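Contents: one structure, followed by commentary.
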Amino acid sequence: DQQVKQNSPSLSVQEGRISILNCDYTNSMFDYFLWYKKYPAEGPTFLISISSIKDKNEDGRFTVFLNKSAKHLSLHIVPSQPGDSAVYFCAAISGGYQKVTFGTGTKLQVIP
Amino acid sequence: DGGITQSPKYLFRKEGQNVTLSCEQNLNHDAMYWYRQDPGQGLRLIYYSQIVNDFQKGDIAEGYSVSREKKESFPLTVTSAQKNPTAFYLCASSPVRQFDEQFFGPGTRLTVL
């Protein structure tokens, strides 16, 4: 039972344009969400997070939006750069914060 | 330099053999985690530990075992009971319950022949 889903396994975007990566979740107990970026043969690195009490969090070129009623979050990257090409995982945590549940990942390719 | 090391990067084993994957961190983190990554799937939690000498099963613990005798070390044993052991294994650590400070190691790719 995949509680965190990223329905697009891959995405291609032109350099300078916006990249939008989507994530859906089913567990209404999730109250904190994170995005990780992963390059091949490396471990993921934390990118940005958002608490369920907010609907938007921004950090430089990266913005995460949360729609709790739709159980949906998205990561916007503007402008996209070739170095952003990687696999992006969304992740969710429920109360207690003991463990994180990861999505299936979306491979982003930014074309120069 | 602080960080997490996993060794080896690539590991080959014959079917039916137990194998232990190493994970060491010098970040002074209390919590450590083992994940497994398979193609088309997210990172799935195998085991986690929030303190020395204590650990909890994750979502897919069957066929695996861990120990946490030292704060810095959290080795994972893939036993012969694990039906599909070939995968990419990632170790991570964080301050307890602070996942935005979760650091991952480079991973070990295990191939069972």
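Chain letters run A, B, ... following the sequence lines, proteins first and then strands; every chain starts at 1. All figures in this text were calculated on a predicted structure; none of them were measured in a lab.
Within a 6.0 Å radius of NZ in B/Lys71, other residues, nucleotides and ligands contribute more than 12 heavy atoms. In this structure, B/Lys9 places its NZ atom where more than 12 heavy-atom neighbours from other residues, nucleotides or ligands lie under 6.0 Å away. More than 12 heavy atoms of other residues, nucleotides or ligands shown are found within 6.0 angstrom of CZ on A/Arg61. Annotation for A/Ile18: atom CD1 counts as buried by contact number, over 12 foreign heavy atoms lying within 6.0 Å.
With hydrophobic clusters built from ILVMFWY side chains whose heavy atoms lie under 4.5 angstrom apart, B/Phe88 does not share a cluster with B/Trp34. A continuous path of ILVMFWY side-chain contacts below 4.5 Å connects B/Tyr47 to B/Ile60, so both sit in one hydrophobic cluster. Follow the hydrophobic side-chain contacts under 4.5 Å out from A/Leu108 and you reach A/Phe62 in the same cluster.
Of the two parts of B/Glu101, neither the backbone nor the side chain holds a non-hydrogen atom closer than 4.5 Å to a non-hydrogen atom of chain A. For a residue to count as touching a neighbouring chain, one of its non-hydrogen atoms must lie under 4.5 Å from one of that chain's; by this rule B/Phe103 does not touch chain A. The contact between B/Leu90 and chain A is made entirely by side chain atoms (from C-beta outward), counting heavy-atom distances below 4.5 Å. In this structure, chain B has a heavy atom under 4.5 Å from the side chain of A/Lys38, while its backbone stays farther away.
The shortest side-chain heavy-atom distance between A/Val100 and B/Tyr48 does not fall under the 4.5 Å cut-off.
When each of B/Pro106, B/Ala92, B/Ser94 is scored by its heavy-atom pairs under 4.5 Å with chain A, the top score falls to B/Pro106. Contact tally against chain B (heavy-atom pairs below 4.5 Å) for A/Pro9, A/Pro44, A/Gly105: the top residue is A/Pro44.
Here B/Gln102 contributes atom CD and A/Thr45 contributes atom OG1; the two are 11.5 Å apart, rounded to the nearest 0.5 Å. Here A/Phe102 contributes atom CZ and B/Tyr35 contributes atom OH; the two are 4.5 Å apart, rounded to the nearest 0.5 Å.
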